[in-house]
Amino acid sequence: MLWLLFFLVTAIHAELCQPDAENAFKVRLSIRTALGDKAYTWDTNEEYLFRAMVAFSMRKVPNRESTEISHVLLCNVTQRVSFWFVVTDPSKNHTLPAGEIQSAIRMNRERINNAFFLNDQTLEFLKIPSTLAPPTDPSVPVWIIIFGVIFCSVIVAITLLILSGIRQRRRKDKGASEVGDAEDKCENGIPCDPLDMKGGQVNDTFVTEEERLTPL
């Protein structure tokens with residue numbers, strides 16, 4: 001009778017846990033890729049740990065606090081460490097909805113990864129998208145960063161204004177000095193008029209009395 005019951009339970013489990021079955025998820029592990037020489041062997045103990053972690057995650061879901069390790073079924077385990085799993089509801093003899101399992105795994109993904117020394121890339125739940133890492137709090141408050149940016153912008157603007165004023169003052173001083181040099185070339189402080197090279201100029205000192213009185 002016990003053997004009959006055992007085979008009956010085994011047959012029911014085999015029917016519930018199958019590749020691509022309803023509410024079934026495939027898992028793929030890359031232990032050697034992640035750990036190299038420190039890679040461990042996947043055996044029944046590791047399978048038990050995986051089932052325990054899934055049961056633990058399911059117990060975090062409302063109304064699933066009674067989930068046990070025996071409710072997590074594994075099937076089609078390969079040597080390259082891939083398998084399928086389902087979570088059953090023994091009271092109704094069917095698998096739990098995929099949405100509940102997905103939500104439970106996503107909420108506890110980091111703890112599951114840590115249990116096997118893996119990450120989202122080396123412990124893959126093929127139908128469950130990877131969870132995003134929680135945002136890290138900056139060591140410096142945001143308002144200080146914003147204040148620093150604004151303060152630096154003001155300092156740069158003031159510096160540019162000062163440099164622009166200095167350049168304009170230098171240009172004015174240079175123009176004034178050029179005008180002063182041009183005036184210094186005239187004798188006795190009297191501005192020098194340009195000479196008319198065509199008509200020339202007459203020096204009254206050398207003009208005789210007759211030439212002054214005689215009209216041209």
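The basis for the numbers below is simple: all heavy atoms, side chains too, and nothing from hydrogens, waters or symmetry mates.
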Results of side-chain contact (heavy atoms from CB on, under 4.5 Å) for T159 - residues two or more places apart only = I155, L163
key: For D89, side-chain contact (heavy atoms from CB on, under 4.5 Å) partners two or more places apart   = R64, S91, K92, H94, L96
key: K26/E124 ion pair, N-O < 4.0 Å   = no
Check: F56 and N108 side chains under 4.5 Å, non-hydrogen atoms = yes
task = Begin with the C-alpha distance, continue with both residues' side-chain angles, and end with the deciding distance and a verdict on side-chain contact (heavy atoms from CB on, under 4.5 Å) for I105 and F25.
result = CA-CA 11 Å; I105 296 298; F25 292 90; over 6 Å; no
query = Of all residues at least two apart in sequence or in a different chain, which pass the side-chain hydrogen bond (donor to acceptor under 3.5 Å, both in side chains) check with T78?
reply = S82
request  = Can you spot which of V81, V27, I31 makes a side chain to side chain contact (heavy atoms under 4.5 Å, CB included) with L123?
outcome  = V27
request  = State which residues pass salt bridge (charged side-chain N to carboxylate O under 4.0 Å, His left out) with R111; sequence neighbours excluded, sorted by chain then number.
outcome  = none
ask   = Quick one: disulfide bond (SG atoms under 2.5 Å apart) pairs with a partner in residues 28-90, sequence neighbours left out?
value = C17-C75
query = Between the main-chain N or O of N119 and the side-chain N or O of Q121, is there a donor-acceptor pair closer than 3.5 Å?
reply = no
task = Quick one: do F50 and F85 satisfy ring pair (Phe, Tyr, Trp, His ring centres under 6.0 Å)? Show the steps, please.
result = CA-CA 10 Å; F50 179 84; F85 80 93; 5.5 Å; yes
inquiry  = Restricting to salt bridge (charged side-chain N to carboxylate O under 4.0 Å, His left out), what partner residues turn up for R32, sequence neighbours left out?
reply    = none
